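Down below is the structure, laid out as structure tokens.
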Amino acid sequence: MPELPEVEVTRRKLSPLLVGRRIAKVHTTRPSYFFLTPPAELERALPGARVVGLARIGKYLLAGFDDGRRLLLHLGMSGQLFTEHASSVRLLSAATRASLAPDEQARFRPDVHTHLRLEFEDDGPELLFRDVRKFGKVRLLAPGQSDPRLDKLGTDALAATGAELFAATRKRRVAVKSVLLAQEVIAGIGNIYADEALYLAKLRPKRAAGRLTRAECDTLIAAAQQVLLRSIETGGSSISDYLAPDGSDGAYQDERHVYARTGEPCFGCGLAIKRIVIGARGTHYCPRCQR
DNA sequence: ATCTGTCCCTGGACGC
DNA sequence: TGCGTCCAGGGACAGA
């Protein structure tokens, strides 16, 4: 699932492939939850726009155009943003793969889940946005237009401080894990990195946020940033659907300490990693190392 | 104000 | 083998 590191890796790899290019034609699927801007409007309004930059805010990507408009993108749970040259088995379902010859199983073909296809005026590769579960989002913003989703985001996780977390959590009774996932407090952390950060900080996910000391807030933010930066270095986590724009997988899933390791031994003490549910999200921790 | 539960969606895992 | 059922989860929203 794409969180800050996956979105940042996508931004870094996509930026040189996108900036400077002018959109020629747009293909979409039918109107759905996925399209905050109706697909017909994207098809009409995007051709002619030249990309001048690609920014990230929390888990959102913002492509800027030469006329001041911006395209807001969110990868949701299963979003994949890649070029037509990308090659990966993650681009096809198991059933589709099974029906193909082995040497055909990694090649991408636009399918019913490929909701956005951008062709450019040059001869370079198309850009594709595929999202099986359709929790992703696309919205075209007029020059100067804001979006409530962006406006309410808290400080980006890479820039957040312990002092901010401490201030935001006073008198709050919710689990600290829930606060880490709240994008209006700190933007960019999702389920994997929340669990990993809490493990590194040796904190129980269920601890009431308001009972964290100032020092614990410092430790937790430092742990979160360590985990996020390391994941960016390794190309993010490719646990289910995520892949980079060139089709490559990240490697951070191999460095996980707790996420989806239920029942396996803690690397610190050997005790079995436990799984509980907090705020309808699976939560993994070591009952001995995290207090 | 804060918190909890529900919903959106689909493929894959699992059980019989 | 094949079918049905359950589960994953980011974020918006309704209701307590």
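Chain identifiers are assigned alphabetically (A, B, ...) following the order of the sequence lines, protein sequences preceding nucleic acid strands; residue numbering begins at 1 within each chain. Bear in mind the structure is a predicted one, so any value in this text is a computation, not a measurement.
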Q.
Tell me whether the rings of A/H115 and A/F34 are parallel (<30°), tilted (30 to 60°) or perpendicular (>60°).
A. tilted
Q | Ring-face cation contact, A/F267 with A/R261, 6.0 Å cut, 45° max | A | yes
Q: Send over the distance from A/R130 CZ to B/dC9 P, rounded to a whole Å.
A: 17 Å
Q | Below 4.0 Å: OP1/OP2 of B/dG11 and any side-chain N or O of A/H113 | A | yes
Q) What's the NZ-P distance between A/K134 and B/dC7, to the nearest Å? A) 18 Å
(Q) Protein within reach of the bases, or only the backbone? For nucleotides 5-11 of chain C, mark each nucleotide 5' to 3' as B, S or -, using heavy atoms under 4.0 Å. (A) ---BBBB
Q: Report the distance from atom CG of A/D131 to atom P of B/dG11, rounded to the nearest whole Å.
A: 12 Å
Q: Could you list the residues that satisfy side chain to side chain contact (heavy atoms under 4.5 Å, CB included) with A/S93, not counting sequence neighbours?
A: A/A95, A/T96
(Q) With salt bridge (charged side-chain N to carboxylate O under 4.0 Å, His left out) as the rule and sequence neighbours excluded, what pairs involving residues 143-155 of chain A come up? (A) A/R139-A/D147, A/D147-A/R149
Q) How many Å lie between CZ on A/F34 and P on C/dA12, as a whole number? A) 15 Å
Q) For the atom pair CG (A/L243) and CD (A/E6), what is the distance rounded to the nearest 0.5 Å? A) 11.0 Å
(Q) Once salt bridge (charged side-chain N to carboxylate O under 4.0 Å, His left out) is applied, do any residues pair with A/R117, and if so which ones, sequence neighbours excluded? (A) A/E126
**Q.** Separation of A/E8 CD from A/R56 CZ (nearest 0.5 Å)
**A.** 4.5 Å
What pairs of donor and acceptor atoms, side-chain ones from residues 162-180 of chain A against any protein atom, are under 3.5 angstrom apart with sequence neighbours left out?
from   : atom 1 : to     : atom 2 : distance (Å)
A/E164 : OE1    : A/T161 : N      : 3.0
A/E164 : OE1    : A/T161 : OG1    : 3.3
A/E164 : OE2    : A/T155 : OG1    : 2.4
A/T169 : OG1    : A/L165 : O      : 2.8
A/T169 : OG1    : A/F166 : O      : 3.1
A/R170 : NE     : A/F166 : O      : 2.8
A/R170 : NH1    : A/G210 : O      : 3.1
A/R170 : NH1    : A/L212 : O      : 3.1
A/R170 : NH2    : A/L212 : O      : 2.9
A/K177 : NZ     : A/N191 : OD1    : 2.5
A/K177 : NZ     : A/D195 : OD1    : 2.6
A/K177 : NZ     : A/G282 : O      : 3.2
A/K177 : NZ     : A/T283 : OG1    : 3.1

Q.
Nearest whole Å is fine: how far is C/dA12 P from A/D151 CG?
A. 12 Å
Can you name the atoms? Protein N/O to nucleotides 2-4 of chain B N/O, anything below 3.5 Å, with the distance.
from  : atom 1 : to     : atom 2 : distance (Å)
B/dC3 : OP1    : A/R173 : N      : 2.7
B/dC3 : OP1    : A/V174 : N      : 3.2
B/dC3 : OP2    : A/R172 : NE     : 2.8
B/dC3 : OP2    : A/R172 : NH2    : 2.8

